[in-house]
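Below is one structure, written out as structure tokens; the observations come after it.
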Number of protein chains: 2
Amino acid sequence: MLQLSKKVEYGLIALRHMAMKPSGNVVTTKELANEYDLPYELLAKIMQKLARGGVVRSLQGVKGGYTLAQRPSDLKVALVIRIIDDSKPMVAECYTEGPEGCYLFYNCTIRRPLGKLQRNLNVLFDQMTVQEII
Amino acid sequence: MLQLSKKVEYGLIALRHMAMKPSGNVVTTKELANEYDLPYELLAKIMQKLARGGVVRSLQGVKGGYTLAQRPSDLKVALVIRIIDDSKPMVAECYTEGPEGCYLFYNCTIRRPLGKLQRNLNVLFDQMTVQEII
DNA sequence: GAATATAGGACTGGTAGGGTCGGATATTAT
DNA sequence: ATAATATCCGACCCTACCAGTCCTATATTC
């Protein structure tokens with residue numbers, strides 16, 4: 001359906017929330033889940049991914065939580081998608097791999113033309129930062 | 001994963017094929033399936049949808065098949081997606097329905113910002129025609 | 001050491017997408 | 001007429017993926 005996954009949505013909501021607080025402010029998953037009524041455990045996983053991806057910094061322990069590891073103006077939406085969904089936002093899968101990825105590869109007549117669309121899409125996601133979604 | 005469905009891909013391949021033939025040329029599903037090694041029955045369904053959607057004209061019977069019902073330069077990729085997938089290419093589902101569609105609606109903080117991205121995406125798909133993918 | 005936070009593996013359940021099958025209908029050619 | 005060949009269309013399967021849950025381990029604070 002060509003649609004962002006809920007995970008990405010939740011991730012963006014969380015990052016936006018953090019971006020609106022003063023820099024360095026610690027936010028817990030619980031707090032986020034309550035505030036936006038998101039499933040806690042799922043959100044927790046997302047935050048962990050964002051932490052592994054270097055987008056947020058995690059602090060363990062009783063006073064722990066997450067802080068933004070990058071300035072919102074530097075944080076590209078494309079990166080968030082890549083981290084959470086383990087993939088670039090792509091129009092067709094054939095843009096990742098070579099001939100192995102798609103049995104149509106040589107027969108596929110729309111790969112090249114769709115590339116144009118793909119590039120435009122990339123630009124879109126690569127330009128938009130978390131700063132802009134505040 | 002934010003990716004075009006295979007159905008849409010197949011549909012575009014078919015339409016491109018037809019667009020390259022002289023106008024009015026009749027093409028059968030069988031021919032298309034053989035040429036591009038696509039699953040016949042699935043492609044047949046897609047062609048039927050395109051016919052119902054007014055994108056191609058169907059001719060039944062032994063000498064039957066499909067012809068383009070619109071000039072390739074008029075045929076928007078967005079329309080093809082809408083017809084085949086029964087949906088607009090959307091970033092988030094909340095852009096279809098009102099508050100009923102999404103329980104987050106009022107809490108959702110990214111709807112408005114994502115709208116910008118959505119509009120850009122719409123422009124992309126609305127501008128690109130089948131003519132351009134030849 | 002109790003409380004509370006992240007870390008992360010395992011599992012479930014629903015749904016949509018890709019693909020298949022069977023039969024009905026229309027048209028042409030023999 | 002009837003055989004051949006095309007679209008039409010409903011029903012079905014099956015697999016993969018996604019959202020969501022559960023449970024346990026680990027780190028940190030008080």
Side-chain angles (χ1 to χ4, degrees), chain A residues 1-11 13-14 18 25-34 36-67 69 81 83-87 90 92-93 102-104, chain B residues 1-14 18 25-34 36-67 69 81 83-87 89-90 92-93 102-104:
Chain A
M1 256 191 279
L2 197 75
Q3 176 168 310
L4 290 181
S5 69
K6 286 232 177 283
K7 293 184 189 179
V8 170
E9 282 191 42
Y10 297 167
I13 289 177
M18 297 169 81
N25 202 306
V26 175
V27 175
T28 68
T29 303
K30 194 177 174 186
E31 180 184 337
L32 288 166
N34 287 339
Y36 300 103
D37 196 25
L38 305 179
Y40 172 80
E41 338 250 341
L42 182 55
L43 185 58
K45 288 253 170 67
I46 294 167
M47 297 309 291
Q48 287 160 28
K49 273 203 164 182
L50 290 176
R52 271 182 305 227
V55 166
V56 299
R57 211 185 319 276
S58 76
L59 304 170
Q60 290 204 341
V62 68
K63 280 282 208 174
Y66 297 93
T67 61
I81 295 177
I83 291 175
I84 296 182
D85 276 351
D86 306 309
S87 71
M90 283 184 315
E93 56 184 336
C102 176
Y103 79 104
L104 271 182
Chain B
M1 257 192 277
L2 197 74
Q3 175 169 311
L4 290 182
S5 68
K6 287 229 177 286
K7 293 184 188 178
V8 170
E9 282 191 42
Y10 296 167
L12 288 174
I13 289 177
M18 298 169 80
N25 203 305
V26 175
V27 176
T28 68
T29 304
K30 194 177 175 186
E31 180 184 337
L32 288 166
N34 286 340
Y36 300 103
D37 196 27
L38 305 179
Y40 172 80
E41 339 249 341
L42 182 54
L43 185 58
K45 286 251 172 66
I46 295 166
M47 297 308 291
Q48 287 160 29
K49 272 203 164 182
L50 290 176
R52 271 182 305 230
V55 166
V56 299
R57 211 183 321 275
S58 76
L59 303 170
Q60 289 205 339
V62 67
K63 280 282 209 176
Y66 297 94
T67 61
I81 296 177
I83 291 175
I84 296 181
D85 276 352
D86 306 308
S87 71
M90 282 185 315
E93 54 184 338
C102 176
Y103 78 105
L104 270 181

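Proteins get letters first, then strands, A, B, ... in listed order; numbering begins at 1 in each.
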### Task
Measure the distance from CD on Gln3(B) to P on dA16(C) and round it to the nearest whole Å.
18 Å
### Message
Measuring to OP1 and OP2 of dA6(D), would you say a side-chain N or O of Tyr66(B) lies under 4.0 angstrom away?
### Response
no
### Task
Rounded to the nearest angstrom, tell me the gap between atom NZ in Lys30(A) and atom P in dT4(C).
7 Å
## Note on the structure
Winner on side-chain proximity to Ala51(B), out of dG20(D), dT7(D), dC8(D), is dC8(D)
### Sub-4.5 Å side-chain heavy-atom contact between Met18(B) and Asn25(B)
no
### Task
Round to a whole Å and report the spacing from OH of Tyr10(B) to C1' of dG17(C).
11 Å
### Task
Would you mind reporting whether Tyr40(B) and Thr29(B) have side-chain heavy atoms less than 4.5 Å apart?
yes
### Task
For the side chain of Thr28(A), starting at C-beta, report the closest nucleotide among dA6(D), dA5(C), dT20(C).
dA5(C)
### Message
Taking Ile84(A)'s backbone N and O only, do any of them form a donor-acceptor pair with Lys7(A)'s side chain (distance below 3.5 Å, no angle check)?
### Response
no
### Query
Do the side chain of Lys45(B) and the base of dT20(C) come within less than 3.5 angstrom through a donor-acceptor pair of N or O atoms?
yes
### Task
Send over the distance from Ile46(A) CD1 to dG8(C) P, rounded to a whole Å.
15 Å
### Message
Would you say that Leu42(B) contacts Ile46(B) through its side chain, given a criterion of any heavy-atom pair below 4.5 Å between the two side chains?
### Response
yes
### Query
Can you check the Ile84(B) CD1 to dG18(C) P distance for me, whole Å?
10 Å
#### Entry: Check: Gln60(B) side chain, dA6(D) base, donor-acceptor under 3.5 Å
no
### Task
Among dT27(C), dA19(D), dT7(D), find the nucleotide with the atom closest to the side chain of Val62(B).
dT27(C)
### Query
Given atom CE of Met47(A) and atom P of dT6(C), what is their separation to the nearest angstrom?
8 Å
### Task
Give a yes/no on whether any side-chain N or O of Tyr40(A) is located under 4.0 angstrom from OP1 or OP2 of dT6(C).
yes
### Ser58(A) side-chain N/O to dA5(C) phosphate OP1/OP2 under 4.0 Å
no
### Spacing between Gln48(A) atom CD and dC23(D) atom P, to the nearest angstrom
17 Å
### Task
Hey, which sits more toward the 5' end of DNA chain D by its nearest nucleotide, Gly61(A) or Leu42(A)?
Leu42(A)
### 5' precedence on DNA chain D between Glu41(A) and Leu4(A) (nearest-nucleotide basis)
Leu4(A)
### Task
Select one nucleotide: of dA29(C), dG8(C), dT21(D), the one nearest the side-chain heavy atoms of Lys63(B).
dA29(C)
### Query
Do the side chains of Leu38(B) and Tyr10(B) get nearer than 4.5 Å, heavy atoms only?
yes
### Task
Taking only the side-chain nitrogens and oxygens of Arg52(A), find out if one of them lies under 4.0 Å from OP1 or OP2 of dG8(C).
yes
### Query
Can you check whether Thr29(A) has a side-chain N or O nearer than 4.0 Å to OP1 or OP2 of dT6(C)?
yes
### Task
Report yes if the side chains of Thr67(B) and Val56(B) come closer than 4.5 Å at any heavy-atom pair, otherwise no.
no
#### Entry: Whole angstrom value for the distance that separates P of dA6(D) from CD of Glu31(B)
10 Å
